[in-house]
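Here's the structure, in structure tokens; my notes come after.
Per chain, numbering begins at 1; letters A, B, ... match sequence-line order. The structure displayed is predicted, hence computed values, not measured ones.
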2 protein chains.
Amino acid sequence: MNATHKRVRTAHEKENCKVVVEMLSRIGDKWTVMVVGALSEGTMRYTELQRSIDGISQRMLTLTLKGLEEDGLVARTVHPTIPPRVEYTLTPMGRTLTKPLFALYQWTMEHRPAMLEARKAYAKAAAKKTG
Amino acid sequence: MNATHKRVRTAHEKENCKVVVEMLSRIGDKWTVMVVGALSEGTMRYTELQRSIDGISQRMLTLTLKGLEEDGLVARTVHPTIPPRVEYTLTPMGRTLTKPLFALYQWTMEHRPAMLEARKAYAKAAAKKTG
DNA sequence: CGGTATCCACTACGATACTG
DNA sequence: CAGTATCGTAGTGGATACCG
């Protein structure tokens with residue numbers, strides 16, 4: 001609180017917002033969330049991931065895994081056998097990410113129906129104006 | 001827990017993952033988070049938002065606000081004065097969104113240093129390989 | 001003031017082909 | 001099996017100009 005009528009400083013001040021945005025751009029994209037989700041169930045091989053994540057291309061799987069590895073969220077282990085066996089697993093830090101992701105999941109489940117409703121209502125209102 | 005060595009069913013099963021992804025694609029993008037962050041401090045006018053969100057274009061501000069309004073997360077109030085005065089505010093549902101966003105913010109603050117470290121280490125390791 | 005409309009650059013991504 | 005390399009395209013978003 002301060003003496004003026006103005007706001008208190010919250011977590012949503014500009015600077016703080018930017019780091020969330022920065023994070024979201026790295027971990028909040030479609031494929032990254034899917035990969036983290038898949039790996040949250042345990043270690044997986046490249047092809048397993050590809051099969052378990054519907055619609056992902058080799059290119060995107062590779063890029064996504066590289067990004068996660070670069071950020072220290074996923075560990076890559078190569079078993080130098082023939083044929084090669086490469087396993088991916090969440091690092092301890094990577095595992096902690098599932099918690100806020102789960103918070104988002106809960107929020108989603110709780111509010112998705114209302115949002116879908118809102119969208120229908122919005123569409124209806126727009127249609128009324130147009131037609 | 002179940003009898004097999006396999007996983008228990010978690011929030012990260014494919015289907016559930018998809019709704020999180022779907023949500024993220026609507027509320028997880030750069031500008032949406034910035035707008036929600038700005039509005040978490042209270043009602044704001046269009047131009048105020050534009051000034052407070054660094055680098056946003058009119059186009060994106062308008063599109064983002066429309067999206068949020070469509071989803072029932074932001075309410076738009078037009079005061080038919082001259083010059084016009086349009087105010088945006090988070091709906092009750094919109095305000096609940098700040099909570100999981102805050103969880104993400106906390107995670108970010110906690111793990112960002114480690115991630116930056118990891119990235120440096122990764123870059124160094126890559127450089128060593130290349131020569 | 002609070003937008004809309006148009007254009008255009010950039011990039012993200014899928015498809016495809018090839019490799020150790 | 002686990003990738004890399006290349007290409008074409010569709011969508012994203014900034015810049016600019018204009019409107020009620």
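Counting heavy atoms from C-beta on, the side chains of A:Asp29 and A:Val33 never come closer than 4.5 Å. Residues A:Val36 and A:Ile27 have side chains not in contact (no heavy-atom distance under 4.5 Å, counting atoms from C-beta outward). Using a 4.5 Å heavy-atom cutoff, the side chains of B:Met115 and A:Met93 are in contact.
Applying the side-chain contact (heavy atoms from CB on, under 4.5 Å) rule to B:Thr47 yields the partners B:Arg51; only residues at least two apart in sequence or on another chain are considered. The side-chain contact (heavy atoms from CB on, under 4.5 Å) check on B:Ala75 picks up B:Thr89, B:Thr91, with sequence neighbours excluded. In this structure A:Lys18 satisfies the side-chain contact (heavy atoms from CB on, under 4.5 Å) test together with A:Glu15, B:Met34, B:Asp54, sequence neighbours excluded. A:Ser25 pairs by the side-chain contact (heavy atoms from CB on, under 4.5 Å) definition with nothing, not counting sequence neighbours. Remark: B:Thr62 engages B:Tyr46 in a side chain to side chain donor-acceptor pair (under 3.5 Å) (not counting sequence neighbours).
A distance of 8.0 Å separates CD1 of B:Ile56 from CG of B:Leu49, quoted to the nearest 0.5 Å.
When all heavy atoms of A:Ala38 and A:Ser52 are compared, the pair lying nearest together is CB-OG, 3.8 Å.
By the rule that hydrophobic residues join a cluster once side-chain heavy atoms approach within less than 4.5 Å of another member, A:Leu63 and B:Val21 end up as members of one cluster.
When DNA chain D is scanned in the 5' to 3' direction for atoms under 4.0 Å from non-hydrogen atoms of chain B, the outermost contacting nucleotides are D:dG13 to D:dG20. Think of the region where chain A sits on DNA chain C: with heavy atoms and a 4.0 Å cut, that region ends 5' and 3' at C:dC13 to C:dG20.
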Under the side chain to side chain contact (heavy atoms under 4.5 Å, CB included) criterion, do A:Leu73 and A:Thr32 qualify, and how do the steps go? CA-CA 11 Å; A:Leu73 297 169; A:Thr32 299; over 6 Å; no
Would B:Leu24 and A:Leu24 count as a side chain to side chain contact (heavy atoms under 4.5 Å, CB included) here? Give the steps. CA-CA 9 Å; B:Leu24 276 170; A:Leu24 276 169; 4.0 Å; yes
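The 5' end of DNA chain C is approached more closely, in terms of each residue's nearest nucleotide, by B:Tyr88 than by the other of B:Tyr88 and A:Asp29.
Near DNA chain D, meaning a heavy atom under 4.0 Å away, the residues from residues 59-67 of chain B are B:Arg59, B:Met60. The stretch residues 77-85 of chain B touches DNA chain C through B:Pro83, B:Pro84, B:Arg85, each having a heavy atom under 4.0 angstrom from the strand.
The bend of the helix from C:dC1-D:dG20 to C:dG20-D:dC1, defined by the angle between the axes of its first five and last five pairs, stands at 50° to the nearest 10°.
Evaluation of the side chain to side chain donor-acceptor pair (under 3.5 Å) test over residues 64-87 of chain B, restricted to residues two or more places apart or in two chains, returns A:Arg119-B:Asp71, B:Arg26-B:Asp71, B:Arg76-B:Tyr88, B:His79-B:Glu87, B:Arg85-B:Glu87. Under the salt bridge (charged side-chain N to carboxylate O under 4.0 Å, His left out) criterion, the residue pairs touching residues 89-113 of chain B are A:Glu22-B:Arg112, with sequence neighbours excluded.
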